[in-house]
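Structure record follows, encoded as structure tokens.
In what follows, chains are A, B, ... by sequence order, proteins preceding strands, each numbered from 1.
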Protein chains: 2
Amino acid sequence: MADLRLEPIQSGSRGTLVSDVVREAIYSGRFQPGEAIREMQLARELRVSQTTVREALLQLEHAGLVVREANHGTRVTSLSEEEIRDRVAIRLMLETSAAADAARRITPAQLAELESHMNQIAAAVRRNEYYEAAQADLAFHRTIWGACGNQMLVRMLDQLTAPLFAFVSMRQSTDVADLRRRVRSHEPIFAALRSGRAAAARKALREHLTSSYEQFLRGTHERNSSSD
Amino acid sequence: MADLRLEPIQSGSRGTLVSDVVREAIYSGRFQPGEAIREMQLARELRVSQTTVREALLQLEHAGLVVREANHGTRVTSLSEEEIRDRVAIRLMLETSAAADAARRITPAQLAELESHMNQIAAAVRRNEYYEAAQADLAFHRTIWGACGNQMLVRMLDQLTAPLFAFVSMRQSTDVADLRRRVRSHEPIFAALRSGRAAAARKALREHLTSSYEQFLRGTHERNSSSD
DNA sequence: CGAGAACCGTTTATCGATAATCGTTGACAG
DNA sequence: CTGTCAACGATTATCGATAAACGGTTCTCG
């Protein structure tokens with residue numbers, strides 16, 4: 001049997017293809033929060049039927065990236081500050097738990113993956129590529145989730161954070177010092193996981209998430225007070 | 001304006017209607033775990049199109065009640081013992097947190113609702129109606145979730161526990177003594193919420209969930225050892 | 001002039017039919 | 001007898017078209 005390291009050029013059903021395209025458009029900011037998405041218009045642009053677009057939008061609704069109102073339409077999710085706070089609070093509980101579990105069962109291959117993502121983040125930051133940095137950041141966290149051994153927990157964290165990344169992380173164009181600090185704050189997490197210290201991993205992750213959220217709050221506060 | 005305490009006799013789209021019917025069939029056990037669900041067959045039986053059935057099945061997949069495999073089919077979710085353990089672990093984290101928040105902000109109306117659900121549970125148990133008891137039990141917990149003020153937390157708990165209720169709570173035909181004990185174990189939760197003691201609510205809920213899970217484990221263990 | 005009902009255009013929701021997919025069966029060659 | 005592969009049947013995936021729902025607008029009547 002030949003090794004299957006290569007994936008098919010386009011995998012999955014058309015519906016999944018469409019949802020991938022739209023997701024990417026949302027992540028990249030080509031679709032703005034609150035913007036309406038027309039089924040027929042999208043279907044014409046992508047040369048698929050309305051049915052297929054609908055299925056894709058249902059998947060994205062599931063992921064929390066769009067909101068659908070019955071008989072009215074679909075729009076890109078727009079998170080209020082309270083919704084962000086609520087999501088972060090849940091994420092804090094779930095992800096610190098995942099990290100503690102991961103510390104006990106993470107494999108060398110997964111540790112190597114973590115290191116690779118850290119390098120990607122650092123490289124992207126050096127090149128001022130915020131979007132790529134955020135993507136690699138998400139991949140870093142996802143690797144930790146995957147190492148916790150609780151599949152349901154992974155699904156929930158995915159649902160929880162997809163909109164956070166799309167509408168918070170991907171957008172923040174913070175100053176360089178902040179980014180540097182954020183990059184470094186992955187290191188204690190990695191060190192704790194590598195040495196199997198569950199409590200330390202939990203603590204490192206809590207600090208990482210808390211400081212990221214506080215920085216986000218500072219960002220929005222600045223923006224509000226300067227625009228008023 | 002007339003008061004709107006009465007709901008329309010059938011609310012929502014046809015797709016939602018179908019998903020309600022199928023959900024009910026799963027809860028009631030008319031669809032067994034692992035059983036295949038054919039789109040066309042269901043469409044014929046319910047006099048709707050296959051498209052509508054598909055949309056309903058997507059919703060149910062989202063709720064975790066069915067599993068869909070691409071190009072292959074849909075079957076009713078069948079949880080392994082490990083998946084149940086994993087879900088319960090997450091539920092423990094999220095619901096104890098929700099209870100603590102609820103203790104601080106629950107309204108008199110919600111407290112009355114809780115009491116009503118407790119009465120329903122007790123009445124159903126007296127009549128040996130396990131299914132209705134489980135339904136009221138779920139309603140009791142849902143009311144607590146709703147009182148926590150974190151909408152996302154409610155959604156996650158719903159997703160998490162829907163299959164647990166469908167495949168665990170609704171089925172257990174335990175002995176009367178166990179049921180009595182389970183009924184009573186809601187009382188400390190209610191008392192803690194009413195008096196606004198967050199820590200006590202957390203503790204009461206943890207004990208309730210833990211003992212329910214342990215009882216479930218005893219049940220499956222007995223069944224396994226007796227059938228071997 | 002103003003309130004409310006009927007209309008109209010846009011968008012979603014549903015339908016019936018066709019296309020693509022996958023497991024299976026059975027024929028056939030080695 | 002056994003492994004391979006092509007054709008079949010059952011089921012999902014997708015399509016194009018029609019129906020239903022909603023919001024805004026205009027028209028009517030007091």
Between [options], which nucleotide gets closest to the side-chain atoms of [X]?
X     : options                : result
B:R54 : D:dC15, C:dG23, D:dT12 : D:dT12
A:R14 : C:dT12, D:dT12, D:dC15 : D:dC15
B:M40 : D:dC22, C:dT12, D:dT12 : D:dT12

A:R87 side chain reached by A:R91 side chain, heavy atoms, under 4.5 Å: no
Tell me what [X] touches on the nucleic acid: a base, only sugar-phosphate, or nothing, going by heavy atoms under 4.0 Å.
X     : value
A:L42 : nothing
B:T51 : base
B:L57 : nothing

Length of the line joining B:Q50:CD and D:dC15:P, which is rounded to integer Å: 14 Å
Residue pair A:T143 / A:Q110, side-chain donor-acceptor N/O under 3.5 Å: no
Exercise: do A:Q159 and B:Q159 side chains pair donor with acceptor under 3.5 Å: yes
Angle of first-five versus last-five pair axes in the helix from C:dC1-D:dG30 to C:dG30-D:dC1, to 10 degrees: 10°
Closest non-hydrogen atom pair between A:C148 and A:L153, with its separation: SG-CD2, 3.9 Å
Residue pair B:V22 / B:L60: nearest heavy atoms and the distance that separates them: CG1-CD1, 3.4 Å
Residues within residues 63-71 of chain A bordering DNA chain C, heavy-atom distance below 4.0 Å: A:R68, A:A70, A:N71
Polar side-chain contact B:E55-C:dA13 base: donor and acceptor under 3.5 Å: no
Spatial distance of atom NE2 (B:H141) from atom CD1 (B:I189) [nearest 0.5 Å]: 6.0 Å
